[in-house]
Protein chains: 2
Amino acid sequence: MSDARPVRRQERGLRRINEILDAALGLFAEVGFEATSTNAIATRAGISPGSLYQFFANKEAIAEALSVRLVEALREAHASAFGMASVADMPLGDLLDRMLDPLIAFRVANPGAKALFNNPAMPAGLAAATRPLQEAVVGRVASVLAARSPSLPAADRQRSALVGVQIVAAVMPSIVAAEGAERAALITELKKAMYGYFAPLDSPAEHR
Amino acid sequence: MSDARPVRRQERGLRRINEILDAALGLFAEVGFEATSTNAIATRAGISPGSLYQFFANKEAIAEALSVRLVEALREAHASAFGMASVADMPLGDLLDRMLDPLIAFRVANPGAKALFNNPAMPAGLAAATRPLQEAVVGRVASVLAARSPSLPAADRQRSALVGVQIVAAVMPSIVAAEGAERAALITELKKAMYGYFAPLDSPAEHR
DNA sequence: CGAAAATACGAGCAGTTACTCGTATTAGTC
DNA sequence: GACTAATACGAGTAACTGCTCGTATTTTCG
């Protein structure tokens with residue numbers, strides 16, 4: 001109802017935006033989305049509360065921007081992992097390695113991402129802000145599934161992708177929290193679970 | 001540091017405690033733990049904020065008591081489902097049905113339980129309050145695993161139980177949210193995932 | 001240079017939160 | 001019936017929340 005006028009950002013402003021996003025990501029990692037106050041974000045970013053609101057309309061908008069930044073980063077991580085290789089022809093085990101390893105590396109490197117990813121107890125505002133992220137991830141998995149199992153009905157495919165993503169999301173916090181050998185063991189368990197779930201759905205060429 | 005003196009509850013008090021717990025469970029289901037205010041719990045329970053604190057030291061203590069109540073209810077649900085039948089000899093598919101069906105029924109009937117169960121984004125206070133619940137559930141699964149696969153090292157068994165519980169916890173909200181055919185389909189998916197994960201660990205008598 | 005836009009500040013606002021406290025009522029016990 | 005402990009009330013408190021606003025500085029650009 002008021003000004004929809006877009007602001008012409010200068011370089012300084014773009015830098016600030018990134019600093020704010022970094023601060024928010026760190027705080028989300030440490031105390032979660034709800035418990036992170038906008039004043040705390042501003043303080044960690046080294047600016048005043050007023051300045052923060054020069055760049056973001058509200059707290060939810062920060063989560064949204066963060067979500068966009070994460071989709072982008074994840075897209076790149078996966079793109080480099082897949083390269084030109086066709087997703088349809090790979091053995092399932094290799095495919096899981098190629099999809100999960102970058103994702104795990106990403107989550108280990110960005111513990112704050114946890115707050116943004118699909119998890120069952122997401123506060124209302126956050127859920128709205130990260131819906132595109134969730135959909136991007138589930139859609140990505142569904143399209144891989146479509147390539148490998150063209151005979152699977154679309155609804156089943158979508159549901160399987162969702163469940164697969166939820167399983168990964170469920171185990172990921174333990175993986176990120178663990179270290180060394182225990183982390184490796186948990187990663188193995190996750191892959192076993194994913195393999196056990198997807199192998200029966202997979203293209204006949206794959207399993208025995 | 002102050003009074004550790006236990007209060008001698010009268011019947012009226014015990015009734016109030018249950019009313020408070022019911023109110024809290026309902027609100028947790030509707031808006032989540034963090035967003036539920038203690039004043040709102042008191043109001044729904046039909047008492048004043050002051051009265052609430054006659055029975056619970058703080059908000060976290062309410063979650064704790066609720067957690068205890070849920071462990072109890074769940075224990076009963078599972079006990080009646082198992083009866084005398086030995087957990088060690090059952091086919092894996094049957095075992096999964098017997099463990100998961102009552103759990104799903106319980107969660108559908110108690111949507112508020114969602115806030116109390118293991119989920120990755122649990123606020124700090126709630127996590128502390130419900131740790132016993134998590135441990136009870138994981139321990140239960142681990143002991144079933146121990147009965148069926150005695151050769152599995154204890155550490156592996158514990159880890160597998162944890163991952164199994166996390167998978168269930170991850171898919172459960174979707175199941176509770178869905179209805180009719182979609183819910184049934186999601187339950188099937190969950191069981192497929194659990195079967196795929198546990199079958200390779202299971203006692204040799206079981207698979208093929 | 002000079003004006004407009006972008007960036008910056010931080011005290012402060014209205015609202016909410018978990019929780020307290022002084023006081024009143026009710027129930028159990030001798 | 002009297003004494004004590006349990007239950008009940010609800011206005012109040014201090015802290016904190018997301019966010020605003022008046023004002024000041026810096027940058028861009030003609």
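Sequence lines set the chain letters: A, B, ... in the order given, protein chains first and strands last, and positions in each chain run from 1.
What separates CD of B:Gln54 from C1' of C:dC21 is a distance of 11 Å, to the nearest Å. Per the geometry, NZ belonging to B:Lys59 stands 9 Å off P belonging to C:dT17, to the nearest Å. B:Ile47 places its CD1 atom 17 Å from the P atom of C:dT26, with the value rounded to the nearest Å. Regarding B:Ile62, its CD1 atom lies at a distance of 9 Å from the P atom of C:dA18, rounded to whole Å.
Residue contacts shown for A:Ser37 are limited to sugar-phosphate atoms, with no base heavy atom under 4.0 Å away. Here B:Asn39 lies in heavy-atom contact (under 4.0 Å) with a base. Within 4.0 Å (heavy atoms only), A:Thr43 reaches no atom of the nucleic acid at all.
Ion pairing between a basic and an acidic side chain is recognised when a charged N comes within 4.0 Å of a carboxylate O; A:Arg159 and B:Glu182 show such pairing. Here A:Glu72 does not pair with A:Arg69 in a salt bridge; the nearest charged N to carboxylate O distance is not below 4.0 Å. In summary, B:Glu64 and B:Lys59 do not engage in a salt bridge, as defined by a charged side-chain N under 4.0 Å from a carboxylate O. Under the 4.0 Å criterion applied to side-chain N and carboxylate O atoms, B:Arg44 and B:Glu30 are assigned as salt-bridge partners.
Contacts between residues 8-26 of chain A and DNA chain D, defined by a heavy-atom separation under 4.0 Å, are made by A:Arg8, A:Gln10, A:Arg12.
Side chains of A:Tyr197 and B:Ile167 form no contact here, defined as non-hydrogen atoms less than 4.5 Å apart. Taking the side chain as every heavy atom from C-beta outward, B:Leu21 and B:Ile17 approach each other to under 4.5 Å. You'll find the side chain of B:Asp101 reaches within 4.5 Å of the side chain of B:Lys191, heavy atoms only.
Panel note: side chain A:Ser149, backbone A:Leu152; no donor-acceptor pair is recorded below 3.5 Å. For the pair A:Asn110 (side chain) and A:Gly112 (backbone), a donor-acceptor distance under 3.5 Å is absent. Checked by atom type and distance alone, the side chain of A:Arg148 never pairs as donor or acceptor with a backbone atom of A:Asp202 at under 3.5 Å.
Nearest-nucleotide positions on DNA chain D place A:Ala35 closer to the 5' end than the other of A:Ala35 and A:Ala57.
Expressed to the nearest 0.5 Å, how far CZ of A:Arg75 lies from CG of A:Leu70 amounts to 13.0 Å.
With the end axes of the helix from C:dC1-D:dG30 to C:dC30-D:dG1 each set by five pairs, the angle from one to the other reads 10° at 10° resolution.
A 4.0 Å heavy-atom criterion places the boundary nucleotides of DNA chain D facing chain B at D:dA6 to D:dG10, written 5' to 3'.
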